[in-house]
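Each remark here refers to the structure printed beneath this line.
Order of listing sets the numbers, starting from 1, for every ligand and every atom in it. Quantities reported herein were computed from a predicted structural model and do not represent experimental measurements. Just so you know, residue 1 is the first one in the sequence shown, and it goes up from there.
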Amino acid sequence: MKNIAILGLGVVGRGTADLLEANKALIAERVGEPVNIKYILDLRDFPGTPYEKKVVHDFSVIENDPEVELVAETMGGSHPAYDYSLAALKAGKCVVTSNKEVVANFGEELLAAAKENGVSYAFEASVGGGIPIVRPLVTDFIANKIVEISGILNGTTNYILTEMKTKGKSYADALKEAQAKGYAEKDPTADVEGIDTCRKICILTALATGILPEAAKVRTIGISKIDGADVKLLEKKKYAVKLLGRMKMQDGKPCPIVAPFVCGADSPLSHVDDVFNGITVCGNTLGQTMFYGRGAGADPTASAVANDILSILKDGKTSFAPTFNKAADGDVIASENFVCRRYVRTNMAMSEVEKVLGKVVDLGGAYITEKAFAEGEFDALAGMFDSALRVL
Ligand code: HSE
């Protein structure tokens with residue numbers, strides 16, 4: 001019997017516990033022995049549930065029990081999630097997590113602690129909900145240099161944008177629904193202002209390059225200021241506005257950014273709707289490949305957590321071991337240098353617009369540039385237009 005503990009019985013923790021129970025027989029067969037949830041750490045007691053007898057309120061019970069081989073951290077937030085994870089690794093227990101905040105902030109320390117103690121720190125559920133993206137980036141691109149990653153990485157904002165576009169719902173109503181469905185963070189500011197997407201693109205950048213950008217330094221623009229007039233105008237021309245986390249290799253170094261991007265119908269990301277996430281990864285020999293699936297919610301995220309649990313129990317304590325190095329000065333190209341084409345909405349005549357932006361494509365009241373502008377260069381021009389967006 002393999003004994004594990006779950007830290008936090010919220011949406012993801014509960015989903016994981018339910019999945020391990022529902023697929024018990026199959027899991028025992030695949031791991032080679034039954035997987036038992038010995039403890040659940042939570043502040044609450046859950047009376048009348050199957051988990052009542054497993055609840056503990058003191059982490060040291062788990063830390064000091066040699067029978068617990070693995071800890072699933074599904075608490076969210078930096079502390080005490082980071083502290084418990086580190087303590088568990090130091091106690092020789094593998095840790096798996098859905099906590100992107102901890103991975104983005106402390107991935108370097110926790111992966112190093114895992115290595116020092118002969119265990120794994122795994123975080124498939126931290127990016128893309130149920131989509132397998134973390135392990136594939138570690139194992140399946142080793143013959144390629146990854147040159148670009150672009151992703152719809154936040155289910156809540158994609159759900160909101162889709163409901164607004166297809167059903168004409170208000171931003172506030174769509175957000176409430178996303179919260180009710182268990183997609184949103186406790187404080188949905190992290191979703192709508194792009195902070196969650198930023199953490200995820202930092203993690204993907206680290207998986208692709210080994211360098212973990214500092215999230216606070218990545219230019220991060222959310223969806224709260226998107227103008228409905230742009231969404232409507234663009235929809236008529238078959239474009240979609242999507243909140244993207246992007247990382248492009250520029251001058252051999254990663255350049256990350258988070259912002260709403262205009263995506264043309266020829267981009268697979270423009271067709272990723274609802275709570276789904278979509279991530280394109282471009283390898284220098286492979287070209288573009290795409291990962292797609294449910295990006296948030298109890299069941300998909302629990303699936304990723306459980307996959308990590310099973311992989312480690314089956315393949316061994318040290319089976320997942322990437323290395324993250326926090327970006328030092330000069331390791332990352334600042335977002336201000338991120339280069340992309342632009343969309344502008346304006347009453348100016350096309351000839352006037354072209355004097356400023358060079359050749360443009362006319363969308364009727366709005367234009368898309370042929371030239372790609374760096375953030376720093378376009379910042380000085382943006383104020384001339386009624387609105388401006390980046391183009392994928
Ligand atoms: N709040 C996150 C989202 C949860 O909406 O994508 C999954 O990380």
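- Interface of Asp191 with ligand 1, defined as ligand atoms under 4.0 Å from a residue heavy atom, comprises 1 (N), 2 (C), 3 (C), 5 (O).
- Distances shorter than 4.0 angstrom do not occur between any heavy atom of Gly129 and any atom of ligand 1.
- Ligand-side atoms of ligand 1 in range of Asp196: 2 (C), 6 (O), range being under 4.0 angstrom from any heavy atom.
- Here atom 5 (O) of ligand 1 lies nearest to Thr156 when heavy atoms of Thr156, Val12, Ile160, Val127 are compared.
- Contact of the Ile221 side chain with the Val258 side chain is not registered, since no non-hydrogen atoms from C-beta on lie closer than 4.5 Å.
- Using a 4.5 Å heavy-atom cutoff, the side chains of Phe385 and Leu357 are in contact.
- Between Glu124 and Pro136, the closest side-chain pair of non-hydrogen atoms falls below 4.5 Å.
- Looking only at side-chain heavy atoms (C-beta outward), Met348 and Met384 come within less than 4.5 Å of each other.
- Gly155 N, 2.7 Å is the protein heavy atom nearest to atom 6 (O) of ligand 1.
- Those atoms of ligand 1 with a heavy atom of Tyr183 less than 4.0 angstrom away are 1 (N), 2 (C), 3 (C), 4 (C), 5 (O).
- With Asp230 as the partner, the salt bridge (Lys or Arg N to Asp or Glu O under 4.0 Å) test is satisfied by one option alone out of Arg345, Lys236, Lys225, Lys237: Arg345.
- Counting heavy atoms closer than 4.0 Å to ligand 1, residue Thr301 contributes nothing at all.
- Cluster note: Leu244 groups with Ile152, Ile257, Phe261, Leu269, Val272, Phe276, Met290, Tyr292, Phe338, Leu392 through ILVMFWY side-chain heavy atoms spaced under 4.5 Å, whether in direct contact or through intervening members.
- Cation-pi geometry between Lys371 and Phe373 is met: the NZ or CZ atom falls under 6.0 Å from the ring centre, inside 45° of the normal.
- For atom 2 (C) of ligand 1, the closest heavy atom belonging to the protein is Glu185 OE2, 3.2 Å.
- Contact atoms of ligand 1 toward Lys100: 2 (C), 4 (C), 7 (C), 8 (O) (distance under 4.0 Å to a heavy atom of the residue).
- Here is the list of ligand 1 atoms found below 4.0 Å of a heavy atom in Gly295: 6 (O), 7 (C).
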